[in-house]
Student: 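One structure, as structure tokens, below. Some questions next.
The model shown is predicted, which means the values in this text are computed figures rather than measured ones. For ligands, and for the atoms within them, numbers begin at 1 and follow the listed sequence.
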Amino acid sequence: MSPNKSSCPSVVLVVIILSCQSVYSQLQVGFYSRSCSLAEFIVEDEVRKGFIRDTGVAAGLVRMHFHDCFVRGCDASVLIDSTASNTAERDAPPNNPSLRGFEVIDSAKARLEALCQGVVSCADILAFAARDSIEMTGGLGYDVPAGRRDGRISLASEANTNLPGPTLNVNQLTQFFANKGFTQEEMVTLSGGHTIGRSHCTSFSSRLYNFNATLNQDPSLDPIYAAQLKLQCPQGNTNPNLVVQMNPSSPTITDTGYYIDILAKRGLFESDQTLLSNAATANQVNQNARNPILWRSKFAAAMVKMGQLGVLTGSAGEIRGNCRVIN
Ligand code: HEM
Ligand SMILES: *[C@@H]1O[C@H](CO)[C@@H](O)[C@H](O)[C@H]1NC(C)=O
């Protein structure tokens, strides 16, 4: 049920057409079927190659799509390199050094430029790659409406203000997602993205060592899990590359293990565990944990919706030749 242009009545009233276009994205499934029919196949091939080298790129690409869409819409602004005069999104603390998988996008783009120059946008490549990553890790595949165009602006400051941080509570998370047009239930559904991947110790070490003025350790964290995390992330270790797996019960599979871990007080971030602190979101966590089939399809639908945030279409933006630099 992806909202697209065909949902609009074909009435010739400009007013109606305009209002439809502001509600429904103009993206289309199979957008490249005539202009570059191998586009989705080539992206999938590059994601698969990257995944075989390092299965972690799947998590990296799902997160990269999220971080692209929440900042200036899904316009591949997250892929642009910083320049002497501009610090780009990818160098903002929520993205650097943690975001990964850029090389997969670059190799897909290089092949697509060789095959159909100037046709396939970096923003679409990223949207396809995120879908493929979900599928390769056992999640439900979905059709990706495409036709996004690439933006020409990327500002680190916007990544800092638009991306939620790991210490947010349930009300703050709800607000962050509401700002992007998502319900609280969709926020809980999308948080299930943390069913795969890793985190740097720095994203949660305050829960282990300096939680607040009265407690060193976050009491909402299972003490056995906390002890394991302390071994992996020793206090005072300044190595910025130390990482742990998220969703310890099934870290490489897109399943509902994330919700099962939360119920066991094993959500890695405060922003994960906080979902139990509110009756409505706790109910969602319970339902998702118990109904993996339902969550899979809710997650796919929420990813499609996320992929439509603030997209540039028609003649807006550009088709970048190199995803790292504006034309
Ligand atoms: C709800 C608010 C969210 C917060 C506060 C949050 C925060 C974080 C943080 C701090 C990390 C660890 C980064 C690191 O230190 O390496 C992370 C990783 C990750 N996030 Fe989120 N995130 C949120 C929502 C999402 C959503 C909506 C998705 C996708 C649908 C997502 C997908 C991921 C993935 C896949 C990883 C693992 C990345 C990797 O292994 O490279 N997150 N997130
Ligand atoms: C520390 O956290 C605990 C548990 O969340 C809470 O009960 C306590 O009031 C907090 N202390 C301070 C000083 O904020």
Student: Does P164 approach ligand 1 within less than 4.0 angstrom via side chain, backbone, both or neither, non-hydrogen atoms only?
Tutor: both

Student: Give the C-alpha distance, both sets of side-chain angles, the deciding distance and a yes or no for salt bridge (charged side-chain N to carboxylate O under 4.0 Å, His left out) between E318 and R152.
Tutor: CA-CA 8 Å; E318 64 184 21; R152 297 173 49 83; 2.5 Å; yes

Student: With a 3.5 Å cut-off and no angle check, do the side chains of N171 and Q175 form a donor-acceptor pair?
Tutor: no

Student: State whether the side chain of D150 and the backbone N or O of R320 hold a donor-acceptor pair below 3.5 Å, judged by distance alone.
Tutor: yes

Student: Any chain of hydrophobic side-chain contacts (each under 4.5 Å) joining I224 to F204?
Tutor: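 No, it is not one cluster - the side chains of I224 and F204 are not joined through contacts under 4.5 Å.
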
Student: Under a 4.0 angstrom heavy-atom cut-off, which atoms of ligand 1 come close to I196?
Tutor: 35 (C), 37 (C)

Student: Identify the protein heavy atom lying closest to atom 11 (C) of ligand 1, giving its residue, its atom name and the separation to 0.1 Å.
Tutor: F269 CZ, 3.4 Å

Student: With atoms numbered from 1 as shown, which atoms in ligand 1 lie under 4.0 angstrom from a non-hydrogen atom of S203?
Tutor: 10 (C), 14 (C), 15 (O)

Student: May I ask you to check whether K298 and Q287 show a side-chain donor-acceptor distance below 3.5 Å?
Tutor: no

Student: Quick one: look up the protein heavy atom nearest atom 27 (C) of ligand 1 and list residue, atom name and how far away it is.
Tutor: L190 O, 3.4 Å

Student: Among all the protein's non-hydrogen atoms, which is closest to atom 29 (C) of ligand 1, and how far away is it?
Tutor: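 Residue, atom and distance for the closest contact: V62 CG1, 3.9 Å.
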
Student: Taking the ring of F177 and the ring of F70, is the distance between their centroids below 6.0 Å?
Tutor: yes

Student: For atom 25 (C) of ligand 1, find the nearest protein heavy atom and state the residue, atom name and distance (0.1 Å precision).
Tutor: F66 CE2, 3.3 Å

Student: So, the side chain of N86 versus the backbone of S154: is there a donor-acceptor pair under 3.5 Å, distance only?
Tutor: yes

Student: Tell me: protein heavy atom nearest atom 5 (C) of ligand 1, and distance?
Tutor: G165 O, 3.1 Å

Student: Check whether any side-chain N or O of Y259 sits under 3.5 Å from a backbone N or O of V188 as a donor-acceptor pair, and report yes or no.
Tutor: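 Looks like yes, one N/O pair under 3.5 Å.
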
Student: Return the residue, atom name and 0.1 Å-rounded distance of the protein heavy atom closest to atom 17 (C) of ligand 1.
Tutor: R63 NE, 3.5 Å

Student: Any idea which part of H194 is under 4.0 Å from ligand 1, heavy-atom wise: side chain, backbone, both or neither?
Tutor: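 Side chain only.
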
Student: So if I count the atoms of ligand 1 from 1 in the order they appear, which ones are less than 4.0 Å from some heavy atom of P166?
Tutor: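 Selected atoms, number and element: 5 (C), 10 (C).
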
Student: Starting from atom 5 (O) of ligand 2, locate the nearest protein heavy atom and write down its residue, its atom name and how far away it is, to 0.1 Å.
Tutor: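 For this ligand atom, the closest protein heavy atom is F211 CE2, 4.0 Å.
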
Student: Quick test of your reading of the structure: of M306, Q245, H200, Q172, whose heavy atom lies closest to atom 14 (C) of ligand 1?
Tutor: H200

Student: Strictly by modelled atom types, are D255 and T195 linked by a side-chain donor-acceptor pair under 3.5 Å?
Tutor: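 Yes, a side-chain donor-acceptor pair sits under 3.5 Å.
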
Student: Mark yes or no for whether D261, through its side chain, and G267, through its backbone, hold a donor-acceptor pair below 3.5 Å.
Tutor: no

Student: At a 4.0 Å threshold, what atoms of ligand 1 neighbour a non-hydrogen atom of L173?
Tutor: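 In order of number, 1 (C), 2 (C).
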
Student: Does any N or O in the side chain of R148 come within less than 3.5 Å of the main-chain N or O of G307, such that one atom is a donor and the other an acceptor?
Tutor: yes

Student: So if I count the atoms of ligand 1 from 1 in the order they appear, which ones are less than 4.0 Å from some heavy atom of G193?
Tutor: 35 (C)

Student: Counting each atom of ligand 1 from 1 as listed, which ones have a heavy atom of F177 under 4.0 Å away?
Tutor: 1 (C), 2 (C)

Student: Using a 4.0 Å heavy-atom cut-off, which part of A59 comes near ligand 1: side chain, backbone, both, or neither?
Tutor: both

Student: Suppose I only count heavy atoms of G197 and a 4.0 Å limit; which atoms of ligand 1 are within that range?
Tutor: 37 (C), 40 (O)

Student: As a test of the contact definition, would atom 11 (N) of ligand 2 count as having a protein heavy-atom neighbour under 4.0 Å?
Tutor: yes

Student: Under 3.5 Å, is there a donor-acceptor pair between the side chain of K305 and the main chain of G181?
Tutor: yes

Student: Any atoms of ligand 2 less than 4.0 Å from a non-hydrogen atom of L215? List them with their elements.
Tutor: 2 (O), 3 (C), 4 (C)

Student: Nearest to atom 37 (C) of ligand 1, what protein heavy atom do you find, and at what distance?
Tutor: M246 CE, 3.5 Å

Student: Given T254, which partner from the list T137, N247, L140 fulfils the side-chain contact (heavy atoms from CB on, under 4.5 Å) test?
Tutor: T137

Student: Identify, for atom 4 (C) of ligand 2, the protein heavy atom at the shortest distance, and state residue, atom and that distance.
Tutor: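 Minimum-distance protein heavy atom for atom 4 (C) of ligand 2 reads P219 CG, 3.6 Å.
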
Student: Under 4.0 angstrom from ligand 1, any heavy atom of G60?
Tutor: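 Under 4.0 Å: yes for G60.
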
Student: Of all the non-hydrogen atoms in the protein, which one sits nearest to atom 1 (C) of ligand 2, and at what distance?
Tutor: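 Here the closest protein heavy atom is N212 ND2, 1.4 Å.
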
Student: Closer than 4.0 Å to some heavy atom of S271 - which atoms of ligand 1 meet that?
Tutor: 5 (C)

Student: Hey, quick one: are M246 and F66 part of the same hydrophobic cluster, counting side-chain heavy atoms closer than 4.5 Å, chains of contacts allowed?
Tutor: no

Student: So, Q273 and S220: side-chain donor and acceptor under 3.5 Å apart, yes or no?
Tutor: no

Student: Among all protein heavy atoms in this structure, tell me which lies nearest to atom 40 (O) of ligand 1, with the distance rounded to 0.1 Å.
Tutor: R100 NH2, 2.7 Å

